[in-house]
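These notes concern the structure reproduced below.
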Amino acid sequence: MFDLVPFGKRRDDVFGALTKSLHDVFNDEFFAPMTGGSALSFRTDIRESEQAYLIEAELPGFSKDNIDIDYSSPYLTIKAVRKEESSRENEDQQVVRRERRYGEYMRRFYVQDINGDEIRASLKDGLLRLEVPKRQKPSGKRIKIQDHGNAGQQLQ
């Protein structure tokens, strides 16, 4: 006996499965294995101005002591480590519930031509803000051509 699913429904299911597969492929973090094994990721927003990059990273529940920011040219790495234990015991010292949460969250950014010595960071309400100043490129110097009339003579 043939499949009893109406033709239109079958097409929707195939299209839905294809859409889900493409969604999974393109939303998968392709470079996640390169960030250090089982490290998890976090959301960031990056803005650019002429003078600097502004990176905003969502790290709710982390204190500044649990966040490490490292710049080793040309990579800027933000790592947050969570080591949290919660335990409740009743009056007889029997464990009623124990929860542990451990994890390492890391993002690595490839940045060039920045001034690594002047990176500033702040943390407020779970939002880490990094101001990463760009290295100022030396401006060109216009060389004026002198008019001496003796252009054929050599310099001494």
Side-chain angles (χ1 to χ4, degrees), residues 5-144:
V5 178
F7 289 110
K9 180 67 175 162
R10 183 180 302 147
R11 188 173 359 104
D12 289 345
D13 289 345
V14 171
F15 183 72
L18 178 64
T19 303
K20 182 183 180 317
S21 296
L22 288 172
H23 179 72
D24 291 345
V25 167
F26 288 109
N27 285 330
D28 189 25
E29 292 194 41
F30 183 72
F31 293 106
M34 297 177 68
T35 60
S38 64
L40 303 170
S41 186
F42 48 87
R43 303 282 182 207
T44 59
D45 294 330
I46 302 172
R47 293 183 182 86
E48 180 181 11
S49 69
E50 288 184 30
Q51 296 82 21
Y53 296 101
L54 176 64
I55 300 172
E56 294 178 332
E58 295 178 3
L59 293 168
F62 286 95
S63 69
K64 66 180 184 177
D65 297 331
N66 300 107
I67 300 171
D68 184 34
I69 303 165
D70 179 56
Y71 177 65
S72 180
S73 184
Y75 293 101
L76 176 68
T77 304
I78 303 170
K79 182 168 70 169
V81 179
R82 181 180 307 268
K83 296 177 185 173
E84 182 178 302
E85 286 194 25
S86 174
S87 180
R88 288 189 182 175
E89 297 178 358
N90 64 8
E91 296 161 0
D92 297 331
Q93 302 299 317
Q94 296 175 341
V95 175
V96 175
R97 181 178 74 181
R98 178 174 288 160
E99 296 179 354
R100 293 168 205 85
R101 206 173 355 170
Y102 299 95
E104 182 176 285
Y105 300 82
M106 185 169 60
R107 292 289 300 266
R108 180 174 285 168
F109 303 96
Y110 180 81
V111 288
Q112 288 183 318
D113 296 327
I114 66 167
N115 190 347
D117 294 332
E118 295 188 18
I119 296 174
R120 292 191 314 261
S122 64
L123 179 68
K124 182 178 180 186
D125 298 330
L127 186 65
L128 176 69
R129 294 175 52 102
L130 290 169
E131 187 175 329
V132 182
K134 293 180 180 178
R135 186 177 302 143
Q136 298 300 317
K137 296 178 182 175
S139 59
K141 179 180 176 185
R142 183 175 173 95
I143 300 172
K144 186 175 179 181

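Note that these values count all heavy atoms, side chains included, but never hydrogens, waters or copies made by symmetry.
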Side chain to side chain, Ile69 and Leu128, heavy atoms closer than 4.5 Å: yes

With sequence neighbours left out, the residues meeting salt bridge (charged side-chain N to carboxylate O under 4.0 Å, His left out) with Arg142 are none

Over all heavy atoms of both residues, which pair between Phe42 and Glu58 is shortest? Give the atoms and the distance, please. CB-O, 3.6 Å

Got a sec, which pairs hit ring pair (Phe, Tyr, Trp, His ring centres under 6.0 Å) with one end in residues 58-84, sequence neighbours left out? Phe62-Tyr105, Tyr75-Tyr110

Test salt bridge (charged side-chain N to carboxylate O under 4.0 Å, His left out) applied to Glu50 - qualifying residues, sequence neighbours left out: none

I'd like to check the side chain to side chain contact (heavy atoms under 4.5 Å, CB included) partners of Arg135; sequence neighbours left out, ordered by chain and number. Asp113

Give me each pair satisfying salt bridge (charged side-chain N to carboxylate O under 4.0 Å, His left out) with a member in residues 117-126, each pair once, sequence neighbours excluded. Arg120-Glu131

For Arg107 and Ser41, the nearest pair of non-hydrogen atoms, with its separation, is CD-OG, 2.9 Å

Could you check Val111, Leu76, Ile55 and say which one makes a side-chain contact (heavy atoms from CB on, under 4.5 Å) with Ile119? Leu76

Applying ring-ring contact (aromatic ring centres under 6.0 Å, His included), name anything that partners Phe109, two or more places apart in sequence or on another chain. none

Can you give me the closest heavy-atom contact between Gln112 and Pro74, atom names plus distance? CG-CB, 4.5 Å

Interatomic distance, OG1@Thr44 vs CD1@Ile78, rounded to 0.5 Å, equals 7.5 Å

Please identify each residue that fulfils side-chain hydrogen bond (donor to acceptor under 3.5 Å, both in side chains) with Ser63, with sequence neighbours left out. Asn66

Here the pair of heavy atoms bringing Ala52 nearest to Pro133 is CB-CA, 3.7 Å

Could you note down all residue pairs passing salt bridge (charged side-chain N to carboxylate O under 4.0 Å, His left out) where residues 64-79 supplies at least one of them, sequence neighbours left out? none

